[in-house]
Amino acid sequence: MPQITVRDQDGNLEERSVPDGSTAAELFPDRSVVVARVSGELKDLSYVVAQGDTLEPVAVDSEDGRSVLRHSTAHVLAQAVQQLFPEAKLGIGPPIRDGFYYDFDVARPFTPDDLASIEKRMQEIVKSGQRFSRRVVSEDEARAELADQPYKLELIGLKGGASADELGDIMEVGGAELTIYDNLDSKTGERSWCDLCRGPHVPTTRVIPAFKLMRSAAAYWRGSEKNPMLQRIYGTAWESRDALKAHLAFLEEAEKRDHRRLGTELDLFSFPDEIGSGLAVFHPKGGVVRRAMEDYSRQQHERAGYEFVNTPHLTKGTLYEISGHLDWYSEGMYPPMELDAEYDATGALKRAGQKYYMKPMNCPMHNLIFSARGRSYRELPLRLFEFGTVYRYEKSGVVHGLTRARGFTQDDAHIYCTVDQMPGELDSLLTFVLDLLRDYGLDDFYLELSTKDPVKFVGSDDDWDRATETLRAAAERQGLGLVMDPGGAAFYGPKISVQAKDAIGRTWQMSTIQVDFNLPERFELEYTAADGTRQRPVMIHRALFGSIERFFAVLLEHYAGAFPTWLAPVQVVGIPITDGHVDYLQDVARELRAAGIRIEVDSSDDRMQKKIRNAQKQKVPYMLIAGDEDVANGAVSFRYRDGTQKNGVPIAEAIAEVVDSVVRRVQV
RNA sequence: GCCGCCUUAGCUCAGUCGGUCAGAGCGUCUCACUCGUAAUGAGAAGGUCAUCGGUUCGAUUCCGAUAGGCGGCUCCA
């Protein structure tokens, strides 16, 4: 009669003694419970309780519950694939955010038709109610059973060699012992299928309420491009049909907001093939948004004590030899142009050429500005700001709209300060960054602190510790969530990044604030201290938007194209009821323009209703409509984005309303 | 860079199992209509079916290469 502690679904603890051989399933008969947490670890419901256990139920609609559900669905996928493609070799099949995948080595990639038939087979397996049954095996037994599964054998081999840490994420062999999960027929108990897996799993396939295969794609075995490519099938699984439907609706919504689609629909930007992959042109409407974004940023930077600099797009290679970029970043750079070489009549070199590079980063040039003359401690902190356009040779497969481009403009600043000034500077910097992001309409943040990679770093442990602690303290003072990213820093210094959630809950990495121990050394940056000695400044890199293009894309998706008035390319469209009202609206438009408002009067020969539809589709914040009644009263009528209207508004009042929404930078 | 898929009018997309198959809607232009809150009607223009090469009596359709795009993988200092 083991004595155990049971936590019920309301969180209440209860001491109980249960008969020998009792299972978790008997304690939690509720069908929504898929696994149990036993003293902190997830276990199958078939787990036989032991003396002193603390058990709590894990419902399918919890984070952990969904993960188990998805992992079990991945097994169903693999079983279906092996039934339809008996020669398929199994890779790994873990749960991931919103779903799961399973990797297979097959003779030919899966087609959409394959996915349809696999999904159908999965439905049959789910319906048949196979039991997931756990079985501990020795390494030799596992090897014998999985003799025709080379990837599984490799994983078993890894378990022998690698540390638990490295395997922690591999569902197959991450546990304390090797286990195989058998899928048993609900009636006969015969084994239908099995897989090497640490579990846990849902009790039967019948409790998989809703799933869907999403797509197939290739993936390198164990994530290394040196390994063979496997075919990965992605799927999603949920605790109910409604939850699945909601997820699919979310994906649809995300697709509607895709900045590449909105960029075309709203005539904001394009990527002409003639220019090249990953190089955008901004059309007039996109250009207006961009200028509004930049102007406000400039204004705020000026207030915060930044000084504005400008640097060229091209430089001799020497600069990047000094900075070290050519040593460790040349793959990401456009190849050099060879200039100024001279040859004689025979073609022999008379004068060696110079290599010039497109710049991938602004910092080296800012350093040259710092060292253009002697610097005094009185000048520090020196904050150099630039909208600096950089070019990076992104691999062809990774270019993605405005968020991953080959040419983009950073809102880049470098701050040079003394060691003593660093805490205060980081503090005010973080506040500045977050306030500015809020002004653009993002207000849900968390921070991530990337710390030293123990293998790859420059600078003393002391410097790192102090900088990391300073960053941490500054981050904590913001009262936001702080996520640690151990070993995630670049080699030259620790980093804080600001992650922002958008309107539909997706997180984007926005600003980064990075301490740099490396470049001040390489550029031998110095200032004269109060005591007359030469000191090395601390350097802080920071970009707030990351890149303007990327931030543009984030805002576009965040607002689904419906920008707040201050950012909207067209803030007001004037719509006459008939042609006779055009002149009247033109007069109103002149006044609005004088007040700095971007207004267009739609004098096309479309019907008024069509003009409203057009303005609505262009997501214009305000429609100003005028007909006989308005003219007679010296008024206009508003139609807002939500379709509501306000009629007979005196012109002065209407102007004030629009101007007010711009000044307050509110969404309307 | 790797794997798979895709590329037909400015946009979104039909279509051809190789033979009057170059099509639609939106957009553009013209004309008529002058209208009170999401599509007025009629007409016109617009494509060497991404590019180059091959197979074939014949290719937009089949094959190959190239470019660009999409979804992943790797990468994102």
Side-chain angles (χ1 to χ4, degrees), chain A residues 101 103 106 108-112 114 214-234 255 258 260-261 264-265 267 270-279 320 323-333 360-361 363 390 392-401 403-406 453 456 488-493 495 509 512 514 516 518 541 546-547 550 575-582 604-618 623-631 636-648:
Chain A
Y101 66 79
D103 289 343
V106 280
R108 64 161 177 86
F110 297 108
T111 66
D114 292 338
M214 304 303 287
R215 62 173 61 91
S216 64
Y220 297 111
W221 166 239
R222 295 183 58 218
S224 167
E225 50 192 332
K226 295 189 185 74
N227 289 336
M229 273 228 157
L230 306 183
Q231 294 303 313
R232 173 171 298 179
I233 295 178
Y234 285 94
E255 207 176 306
D258 189 308
R260 293 164 301 182
R261 173 205 279 248
T264 306
E265 282 175 8
D267 194 17
S270 59
F271 291 90
D273 289 356
E274 294 82 345
I275 296 178
S277 190
L279 298 166
Y320 293 117
S323 70
H325 284 84
L326 282 175
D327 287 338
W328 43 269
Y329 187 62
S330 56
E331 267 182 33
M333 290 168 66
M361 284 186 159
C363 31
V390 296
R392 300 180 182 183
Y393 186 73
E394 300 287 1
K395 291 196 229 167
S396 62
V398 307
V399 171
H400 182 93
T403 56
R404 194 81 182 270
R406 283 181 170 171
D453 179 335
K456 206 179 152 197
F491 71 90
Y492 52 80
K495 174 177 85 172
Q509 178 177 320
T512 56
Q514 172 116 41
D516 188 339
N518 184 43
H541 304 246
S547 88
R550 193 182 125 86
I575 297 178
I577 299 290
T578 73
D579 284 355
H581 308 112
V582 170
S604 70
D605 60 0
D606 284 331
R607 292 175 71 206
M608 177 268 275
Q609 288 85 345
K610 181 59 179 292
K611 293 179 182 183
I612 288 171
R613 177 179 156 86
N614 286 342
Q616 195 88 40
K617 287 204 337 182
Q618 286 297 304
M623 290 177 225
L624 272 192
I625 299 173
D628 286 340
E629 283 174 43
D630 299 293
V631 173
V636 289
S637 296
F638 274 112
R639 179 188 162 99
Y640 302 100
R641 275 178 176 147
D642 65 0
T644 59
Q645 45 182 299
K646 183 153 76 177
N647 298 324

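Computation of the quantities below employed the complete heavy-atom set of this structure, encompassing side-chain atoms and omitting hydrogens, waters and symmetry-equivalent molecules. First the proteins, then the strands, lettered A, B, ... as listed; each starts at 1.
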> Just checking A:S396: base, sugar-phosphate only, or nothing, at a heavy-atom cut-off of under 4.0 Å?
Replying inline: base
Give me the distances for all protein-to-nucleotides 72-74 of chain B N/O pairs that come in under 3.5 Å?
residue: B:G72; atom: O3'; partner: A:Y234; partner atom: OH; Å: 3.0
residue: B:G72; atom: O2'; partner: A:Y234; partner atom: OH; Å: 3.3
residue: B:C73; atom: OP1; partner: A:Y234; partner atom: OH; Å: 3.4
residue: B:C73; atom: O4'; partner: A:A218; partner atom: O; Å: 3.3
residue: B:C73; atom: O2'; partner: A:Y220; partner atom: N; Å: 3.0
residue: B:U74; atom: O2'; partner: A:E225; partner atom: OE2; Å: 3.1
residue: B:U74; atom: O2; partner: A:K395; partner atom: NZ; Å: 3.4

> What is the ring orientation for A:Y320 with A:H325, classed by angle as parallel under 30°, tilted 30 to 60°, or perpendicular over 60°?
Replying inline: perpendicular
>> Which residues pass the salt bridge (Lys or Arg N to Asp or Glu O under 4.0 Å) test with A:K610, not counting sequence neighbours?
In response: none
>> My understanding is that only residues two or more places apart in sequence, or in another chain, count here; which of them pass side chain to side chain contact (heavy atoms under 4.5 Å, CB included) with A:T264?
In response: none
> For A:E394, which residues count as a side chain to side chain donor-acceptor pair (under 3.5 Å) partner, sequence neighbours excluded?
Replying inline: A:R404
>> Heavy atoms only, 4.0 Å cut-off, all strands: where does A:F271 land among base, sugar-phosphate and nothing?
In response: nothing
> Between A:E265 (CD) and B:G10 (C1'), how many Å, whole number?
Replying inline: 14 Å
> Roughly how far apart, to the nearest Å, are B:U61 and B:U55 at atom P?
Replying inline: 15 Å
> Distance check: side-chain N/O of A:S216 vs OP1/OP2 of B:G4, anything under 4.0 Å?
Replying inline: no
> Pick the nucleotide of RNA chain B nearest each of A:R406 and A:M361; which residue has the one closer to the 5' end?
Replying inline: A:R406
>> Tell me every residue that passes side chain to side chain contact (heavy atoms under 4.5 Å, CB included) with A:M608, counting only those two or more places apart in sequence or in another chain.
In response: A:I575, A:I577, A:I612
> Given B:C70, is OP1 or OP2 found less than 4.0 Å from the side-chain N or O atoms of A:R260?
Replying inline: yes
> Mind checking whether A:R108 and A:D114 have side chains closer than 4.5 Å, heavy atoms only?
Replying inline: yes
>> Rounded to whole Å, how long is the line connecting atom CG of A:D273 with atom C1' of B:C70?
In response: 14 Å
> Of all residues at least two apart in sequence or in a different chain, which pass the salt bridge (Lys or Arg N to Asp or Glu O under 4.0 Å) check with A:E225?
Replying inline: none
>> Checking A:E265 now: which residues fulfil side chain to side chain contact (heavy atoms under 4.5 Å, CB included) with it, not counting sequence neighbours?
In response: A:R261, A:L262
>> Applying salt bridge (Lys or Arg N to Asp or Glu O under 4.0 Å), can you list everything that pairs with A:R607, at least two apart in sequence or on another chain?
In response: none
> For RNA chain B, what are the stems built from at least three Watson-Crick or G-U pairs in a row, each pair having both distances below 3.5 Å?
Replying inline: B:1-7 with B:67-73, B:10-13 with B:23-26, B:28-32 with B:40-44, B:50-54 with B:62-66
> So what does A:P112 touch, heavy atoms closer than 4.0 Å: a base, only the sugar-phosphate, or nothing?
Replying inline: nothing
>> Going by the rule side chain to side chain contact (heavy atoms under 4.5 Å, CB included), which residues pair with A:S277 if we only count those two or more places apart in sequence or in a different chain?
In response: A:V399, A:R406
>> For a quick check, with a 4.0 angstrom heavy-atom cut-off, what is the B/S/- contact string for nucleotides 30-40 of chain B, read 5' to 3'?
In response: ---BBBBBBBB
> A:E274 has an atom CD; how far is it from atom P of B:U51, in whole Å?
Replying inline: 13 Å
> With sequence neighbours left out, what residues match A:D516 under salt bridge (Lys or Arg N to Asp or Glu O under 4.0 Å)?
Replying inline: none
> Using the ring of each side chain (for Trp, its six-membered ring), is A:Y492 parallel, tilted or perpendicular to A:W328, with breaks at 30° and 60°?
Replying inline: tilted
>> What's the gap between B:C11 and B:U16 when it is taken at their P atoms, as a whole Å value?
In response: 23 Å
> What integer number of Å spans the C1' atoms of B:U28 and B:G46?
Replying inline: 9 Å
> Mind checking the C1' distance from B:G43 to B:C33? Whole angstroms is fine.
Replying inline: 15 Å
> To the nearest Å, how far apart are A:D114 CG and B:G4 P?
Replying inline: 14 Å
